[in-house]
Amino acid sequence: MRKILCVVLALLLAVSAAGCANVPKNQVYSAADLPGKSAGVLAGSQAAALQAELVREGASVIEFDSADDLMQGLLTGTRVDCVVTDADTANALRRQYKKTKILDEGILDVPLAAVVARENVDLTKNLNAAFAALTEDGTISAIEQAWISGQAYESAEPSGETGITLAVADCMPYAHQEPDGTVIGMDADIARAVCAWLGIGLEITVYNQEELIEKVRTGRADFAMGRLSENEEDAQLVDFTDPYMNCHQVIVVRKK
């Protein structure tokens, strides 16, 4: 019996070793290594919007619909050589996928802004004033740092006789709806701080990334936040506020 168990164990170890051996070694150590490599990005993310830049760097780009599929494509080495995403998302993913690391060298910074219906000029002005004040007093930085470190931020609860509606994209650490209906995340907390500063109430609804502009344009939401940056195409449909923070794009690779 002992001999049989030893044989079975040896076979299992051999299979495991063979599986590990099939995962190619990491070959991306900086942006200079992108030519000829495949980069995975989340559909609807800032990295996806930067595909032209990545292609100019010499990388082929593959979009994934979920973070799990994206990271499995990287960890198995079957689909991509690296992942390009914003630093906040990368830090959240790294805590879940331990066999990955973030390269010290990033790619570029993208300023994030909220979007407002073009006819709602007063709201744009009010949001800009709130973003400026909360940037100056350190509130937005504190919210960002809390979520980067994996700790929820104790946000203020906005209230007032009037209120506005926010559309956010479902992507942690920016926003996610919990089973009890609570919306958590960096953008949700920044929006709460903004509305608390303005003295108005807030209602948050979570949508897919690609729905945000349309929800604002058609009046289903007063404003939207969620990895949005000003571009010529969307600027013809909605107004962009001043940037409230920078989205730093980084490269995630296998540790080995």
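Note that the numbering runs from 1 along the sequence shown for the chain.
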Please name the pair of heavy atoms, one in [X] and one in [Y], separated by the smallest distance, quoted to 0.1 Å.
{"X": "L54", "Y": "V84", "value": "CD2-CG2, 4.1 Å"}
{"X": "S38", "Y": "I62", "value": "CB-CD1, 4.4 Å"}
{"X": "D222", "Y": "I164", "value": "OD2-CA, 3.2 Å"}
{"X": "I251", "Y": "C82", "value": "CG2-CB, 3.8 Å"}
{"X": "L202", "Y": "L166", "value": "CD1-CB, 3.8 Å"}

Side-chain heavy atoms of [X] within contact of [Y], under 4.5 Å:
{"X": "C171", "Y": "Q209", "result": "no"}
{"X": "Y174", "Y": "L112", "result": "yes"}
{"X": "L93", "Y": "V252", "result": "no"}
{"X": "D69", "Y": "R79", "result": "no"}
{"X": "V23", "Y": "K256", "result": "no"}
{"X": "L75", "Y": "K99", "result": "yes"}
{"X": "N91", "Y": "P173", "result": "no"}
{"X": "Y97", "Y": "L70", "result": "no"}

Judged by atom type as modelled, is there a donor-acceptor pair below 3.5 Å linking the side chain of [X] to the main-chain atoms of [Y]?
{"X": "N120", "Y": "V116", "answer": "no"}
{"X": "D170", "Y": "N208", "answer": "no"}
{"X": "T205", "Y": "A167", "answer": "no"}
{"X": "N26", "Y": "K255", "answer": "no"}

Flag if over 12 foreign heavy atoms under 6.0 Å of CD, E178: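 Enclosed.
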Would you find more than 12 non-hydrogen atoms of other residues, nucleotides or ligands less than 6.0 Å from R220 atom CZ?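 For R220, atom CZ is not crowded (no more than 12 foreign heavy atoms under 6.0 Å).
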Show the atom names and distances, to 0.1 Å, of all donor-acceptor pairs under 3.5 Å that link a side chain in residues 188-200 to residues at least two apart or in another chain.
residue: D189; atom: OD1; partner: S155; partner atom: OG; Å: 3.1
residue: D189; atom: OD1; partner: R192; partner atom: NH1; Å: 3.2
residue: D189; atom: OD2; partner: W147; partner atom: NE1; Å: 2.9
residue: R192; atom: NH1; partner: V183; partner atom: O; Å: 3.3
residue: R192; atom: NH2; partner: V183; partner atom: O; Å: 2.5

Apply salt bridge (Lys or Arg N to Asp or Glu O under 4.0 Å) to R254 and list each qualifying residue two or more places apart in sequence or on a separate chain.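 R254: no salt bridge (Lys or Arg N to Asp or Glu O under 4.0 Å) contacts found.
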For R217, enumerate each residue passing the salt bridge (Lys or Arg N to Asp or Glu O under 4.0 Å) test, keeping only those at least two apart in sequence or located in another chain.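 Expected list: E214.
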Go through the structure and list residues passing side-chain hydrogen bond (donor to acceptor under 3.5 Å, both in side chains) with T182, not counting sequence neighbours.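 Testing T182 for side-chain hydrogen bond (donor to acceptor under 3.5 Å, both in side chains), a comparison that skips the adjacent residues, returns D180.
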Going by side-chain hydrogen bond (donor to acceptor under 3.5 Å, both in side chains), name the residues that satisfy it together with S60, two or more places apart in sequence or in a different chain.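 S60 satisfies side-chain hydrogen bond (donor to acceptor under 3.5 Å, both in side chains) with no other residue.
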Sequence neighbours excluded and cut-off under 3.5 Å, please list the side-chain donor-acceptor pairs for residues 233-241, or say none.
residue: D234; atom: OD2; partner: N231; partner atom: ND2; Å: 3.0
residue: T241; atom: OG1; partner: A114; partner atom: N; Å: 3.0
residue: T241; atom: OG1; partner: A114; partner atom: O; Å: 3.4

Measure the [atom1]-[atom2] distance between [X] and [Y] for me, rounded to the nearest 0.5 Å.
{"X": "D88", "Y": "Q145", "atom1": "CG", "atom2": "CD", "result": "8.5 Å"}
{"X": "T124", "Y": "E119", "atom1": "OG1", "atom2": "CD", "result": "9.5 Å"}
{"X": "T165", "Y": "K215", "atom1": "OG1", "atom2": "NZ", "result": "11.0 Å"}

Polar contact flag, side-chain donor to acceptor under 3.5 angstrom, D86-H248: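 No - no donor-acceptor pair under 3.5 Å links their side chains.
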